[in-house]
Amino acid sequence: MVRVREELRPDPSRTDRLTPVYLSFVGELARRGWLEQDVAAHARRKAEQ
């Protein structure tokens with residue numbers, strides 16, 4: 001069983017700094033075949049909104 005103890009919310013003040021790192025991570029996962037290309041494309045679109 002799983003019990004939720006705490007819910008974490010994104011900190012909007014860190015978005016500009018973390019988005020490039022996240023996009024790099026997504027790209028590397030896709031390059032290595034660990035993430036399907038359509039899923040990677042969706043993640044990139046959502047991150048850049």
Please go through Val21's hydrophobic cluster and name the other residues, only I, L, V, M, F, W, Y counting, with side-chain heavy atoms under 4.5 Å joining them. none
Counting only N and O atoms by type, is there a donor-acceptor contact under 3.5 Å from the side chain of Thr19 to the main-chain atoms of Thr15? yes
side-chain contact (heavy atoms from CB on, under 4.5 Å) against Arg9, all qualifying residues, sequence neighbours excluded: Glu7
Sequence neighbours left out, cut at 3.5 Å: what donor-acceptor pairs do the side chains of residues 32-39 make with other protein atoms?
unit_1	atom_1	unit_2	atom_2	d
Arg32	NE	Glu28	OE2	2.8
Arg32	NH2	Glu28	OE2	3.3

If you compare all heavy atoms of Pro12 against all heavy atoms of Pro10, which two are closest, and at what distance to 0.1 Å? CD-O, 3.2 Å
Identified side-chain contact (heavy atoms from CB on, under 4.5 Å) counterpart of Lys46 within the set His42, Arg44, Glu48: His42
Test of understanding: clusters of I, L, V, M, F, W, Y form through side-chain heavy atoms closer than 4.5 Å, transitively. Do Leu29 and Tyr22 belong to the same one? yes
